[in-house]
Structure formats: C-alpha cells, structure tokens
Amino acid sequence: MGSDDSLFAKTVEELINAKNPLILTGAGISRESGIPVFRGKEGLWNSHRAEDLATLNAFQKNSELVWEWYNWRKKIVLANQPNRAHHALVKIQSLLKSLPVITQNVDGYHSDAGTKNLIEMHGNIFRTKCMDCSNVSWLRTHESSKPLCDKCRGLLRPDVVWFGEMLDHQVMSEIEKLMKKCDLIVVIGTSGVVYPAAGFAGRVFGKGGSVIEINIEPSIDYAISIEGAAGEVLLSLLQLLESRLDSK
Ligand code: BJW
Ligand code: ZN
C-alpha cells in the first residue's frame with residue numbers, strides 16, 4: 001500500500017467512526033466546473049480589488065460596477081455545472097448516517113448536485129436582498145445591471161456576505177450547533193484565510209477532534225493532508241468507502 005492509499009484508508013475509517021463528521025468546502029471544489037477561485041495566481045483577487053467589489057461600501061459607491069461583476073460570475077455559473085467532486089460528496093453523504101456540508105461557495109452547485117443538510121454560509125449568488133425592505137428573492141438571470149425590488153422598488157443587492165459583514169444570525173447559530181458536537185471536519189478546497197470559516201478546523205482540533213484536508217496545496221499543518229484535486233480525491237474516497245461498507 002502506498003502512502004496515499006493508507007491516507008485514503010485512514011480517512012475512510014475516520015468518516016465511518018466519527019460521531020458527528022462535518023464537511024467544509026471552498027472555491028477549490030468548484031474549480032473543475034470552471035468557476036474561478038479567489039486567491040493565487042489565477043484567483044479573482046489577482047485581477048480585481050476585493051474592496052472595490054465585495055464590500056457594502058463598494059456597492060454603495062458604485063452598484064452598477066458591483067452588479068456587472070456579479071452578473072459576469074453568474075453567467076459563468078449558469079454556463080457550467082456541478083462536477084464529480086460535488087456528485088461524489090452527495091454519494092458519500094448517502095452512505096453515512098449524517099454528514100452536514102458547510103460551504104463558503106455562493107455558486108449553489110452543492111444544492112444543484114443534491115447535497116442534503118447544506119449550509120451556504122456566504123449566501124447564494126442567485127439570491128437578492130432589497131437594500132430598503134430586506135425582501136429576499138431569486139434572480140437567475142445575469143443581465144440586470146440595476147435590479148429593483150418587486151415589493152418596494154428599492155435597489156436589490158446580491159444576497160452574499162461581503163467583507164466586514166456579519167453572517168446571517170440563523171446560519172451562524174446552525175453552524176454553532178454543528179461545531180459544538182463536531183469530532184471530525186473534512187476541509188476541502190479552501191485557503192483557510194477568511195473568518196469565521198478559517199477558524200473551524202482549529203476549533204475541532206483544539207477539542208481533540210480530527211481534521212482532514214483535501215487541497216491541491218494543503219496548508220493546515222495539524223491536519224491529515226490529502227494533496228490532490230477535490231474531484232479525483234473524493235471519487236477515490238467514495239470507491240473505498242463503498243467497498244469498505246460492502247465487505248462488512
Ligand atoms: C483546490 C482545487 C482543486 C484550487 N481541488 N483544492 C478574524 C481575524 C481576522 C480577520 C477577521 C476575523 N473575523 C473577521 C475578519 C474579517 C474578514 C476576514 O476574514 N478577513 C481575512 C481575509 C483576514 N471576515 C469577514 O469580514 C466576515 N465577516 C465577519 O466575520 O463578520 C463579523 C465581523 C465583521 C467585521 C469585523 C470583525 C468581525 C465575512 C467574510 C465574507 C467573505 N466573503 C467572500 C465573498 C463572498 C461573496 C462572493 O463570492 O462574491 O467569500 S470573500 C471570498 O473568500 C469568498 C469565499 O467564500 C472566501 C473564502 O475563499 P476560499 O473558498 O477559501 O477560496 P480561495 O480562492 O481563497 O482558496 C481556494 C483553495 O482551493 C486554495 O487553497 C487552492 O489551493 C484550492 N484549490 N483548486 C482542491 N481542484
Ligand atoms: Zn424592497
């Protein structure tokens with residue numbers, strides 16, 4: 001057995017034996033779908049300033065520019081689809097008692113793939129919120145540069161969490177419940193720099209739980225690291241999990 005094989009086998013045992021395992025995903029899991037990541041050489045923040053596009057201040061200064069950027073990203077999401085990583089995760093979920101998924105991604109691909117027990121902690125790029133009456137609605141098109149609220153004609157914003165904004169209160173309390181009982185967290189395709197998500201792995205490790213990281217460039221030094229693309233790794237884990245459960 002190679003070192004990779006034993007890492008995979010260990011991960012599968014951890015998933016089977018954990019009482020309350022949890023998945024955290026980031027932009028890397030949607031990379032194979034053609035969705036740009038944020039950081040690194042090809043990341044969005046390499047060519048765009050986060051402060052100009054992903055803050056409330058930026059939206060208040062120039063909502064059309066911000067909507068242009070979000071419409072461009074919506075178009076990419078609409079032109080593509082969930083990949084083998086999202087689909088493998090759904091199957092892995094179906095083989096275990098409970099495996100909630102928390103994603104930082106706003107593309108909605110986990111939900112499109114059929115993931116159950118899902119928290120989209122940074123919102124959804126296809127949802128909007130009215131700046132005036134806070135009404136939440138869905139806008140699946142990518143053309144409108146100044147979408148207005150059906151209820152009050154106020155300006156709509158993307159219903160995502162920008163820098164400096166609090167996460168939705170209910171979302172945070174659901175996450176808190178999961179974190180309290182979590183004894184294994186599998187962190188997939190995130191650079192782990194954006195809080196509060198960046199603190200989840202450390203919290204689980206700090207109370208004696210296990211941390212597994214799947215990333216093309218792993219960075220959590222206390223984790224069991226599987227270096228590789230999410231799609232390839234999750235498919236291998238799925239196959240191993242299926243054969244391990246068959247042999248029982
Ligand atoms: C692959 C792969 C493949 C590639 N397979 N892997 C505590 C300390 C310090 C700062 C703060 C703190 N608490 C709060 C802050 C401020 C701030 C923050 O964290 N700043 C840091 C940058 C320092 N956080 C906030 O403002 C948050 N709000 C908050 O905490 O409220 C309370 C508060 C307010 C004010 C002050 C204090 C407290 C909100 C954060 C919202 C983040 N928003 C964004 C945009 C969302 C909407 C949108 O999409 O437009 O969320 S920013 C962006 O980063 C997006 C992502 O969800 C998030 C994380 O990125 P992710 O997913 O990790 O992507 P990348 O690109 O960074 O990494 C990709 C990874 O994939 C890499 O590792 C690759 O190697 C890997 N990879 N291909 C596997 N095929
Ligand atoms: Zn309104």
Side-chain angles (χ1 to χ4, degrees), residues 24-46 48-59 66-67 69-74 76-77 83-86 88-89 102-108 119-137 147-169 171-172 175 186-202 213-220 223 225-235:
L24 171 69
T25 70
I29 198 166
S30 291
R31 190 67 203 98
E32 263 186 61
S33 297
I35 309 301
V37 295
F38 292 91
R39 296 167 185 82
K41 226 173 43 230
E42 290 172 7
L44 291 168
W45 298 154
N46 208 26
H48 304 75
R49 276 162 41 95
E51 312 86 71
D52 293 341
L53 297 164
T55 62
L56 180 61
N57 193 25
F59 188 75
V66 173
W67 265 118
W69 188 63
Y70 276 92
N71 281 333
W72 169 71
R73 288 176 57 205
K74 281 168 93 170
I76 299 175
V77 176
N83 64 57
R84 56 186 180 159
H86 300 98
L89 203 50
I102 301 177
T103 187
Q104 298 168 87
N105 301 344
V106 297
D107 53 35
I119 298 178
E120 292 178 321
M121 65 180 287
H122 290 163
N124 188 300
I125 199 167
F126 295 109
R127 223 169 39 219
T128 61
K129 191 164 67 186
C130 176
M131 294 290 286
D132 292 342
C133 75
S134 300
N135 184 50
V136 169
S137 55
L148 299 179
C149 175
D150 280 343
K151 293 221 156 107
C152 77
R153 310 308 291 162
L155 179 62
L156 298 178
R157 58 165 281 179
D159 190 13
V160 298
V161 184
W162 284 323
F163 282 113
E165 292 189 317
M166 299 292 227
L167 274 72
D168 178 81
H169 189 68
V171 162
M172 266 329 279
I175 291 179
V186 184
V187 181
I188 307 171
T190 173
S191 56
V193 295
V194 177
Y195 286 85
F200 295 170
E213 184 181 22
I214 300 170
N215 198 306
I216 50 171
E217 281 177 49
S219 65
I220 308 177
S225 302
I226 305 186
E227 189 177 326
E232 200 178 329
V233 172
L234 286 172
L235 266 184

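When a ligand or atom number is given, it counts from 1 through the structure's own listing order. Residue indices begin at 1 and follow the sequence shown.
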Pair Glu165 + Arg157: basic N to acidic O under 4.0 Å: yes

Charged N-O contact under 4.0 Å between Glu42 and Arg31: yes

Indicate, as side chain, backbone, both or neither, the part of [X] found under 4.0 angstrom from ligand 1 when only non-hydrogen atoms are considered.
{"X": "His122", "value": "side chain"}
{"X": "Ala54", "value": "neither"}
{"X": "Val194", "value": "both"}
{"X": "Met166", "value": "both"}

Answer with yes or no whether Arg73 contacts ligand 1, where contact means a heavy atom under 4.0 Å from a ligand atom. yes

Quick one: look up the protein heavy atom nearest [atom] and list residue, atom name and how far away it is.
{"atom": "atom 68 (O) of ligand 1", "answer": "Ser191 N, 3.3 Å"}
{"atom": "atom 69 (C) of ligand 1", "answer": "Gly189 O, 3.7 Å"}
{"atom": "atom 73 (O) of ligand 1", "answer": "Asn215 ND2, 3.0 Å"}
{"atom": "atom 78 (N) of ligand 1", "answer": "Ile216 CD1, 3.5 Å"}
{"atom": "atom 11 (C) of ligand 1", "answer": "Tyr195 CB, 4.0 Å"}
{"atom": "atom 29 (C) of ligand 1", "answer": "Glu165 O, 3.3 Å"}
{"atom": "atom 61 (P) of ligand 1", "answer": "Thr190 OG1, 3.8 Å"}
{"atom": "atom 66 (O) of ligand 1", "answer": "Phe38 N, 2.7 Å"}

Ring-plane angle category for Trp162 and Phe59, please: parallel below 30°, perpendicular beyond 60°, tilted otherwise. tilted

I'd like to check whether [X] has a polar contact with ligand 1, where a contact means an N/O of the residue lying under 3.5 Å from an N/O of the ligand.
{"X": "Trp45", "result": "no"}
{"X": "Glu32", "result": "no"}
{"X": "Phe163", "result": "no"}

Relative to atom 44 (C) of ligand 1, which among Ile226, Leu167, Val161 owns the nearest non-hydrogen atom? Val161

Hey, looking at atom 26 (O) of ligand 1, which of Gly164, Gly28, Gly26, Ala229 has the closest heavy atom? Gly164

[X] heavy atoms, cut-off 4.0 Å: which ligand 1 atoms fall inside?
{"X": "Tyr70", "result": "47 (C), 48 (C), 50 (O)"}
{"X": "Val160", "result": "47 (C)"}
{"X": "Val193", "result": "19 (O), 21 (C), 22 (C), 23 (C)"}

Is the terminal nitrogen or CZ of Arg73 (NZ for Lys, CZ for Arg) located under 6.0 angstrom from the six-membered ring centre of Trp69 and within 45° of that ring's axis? yes

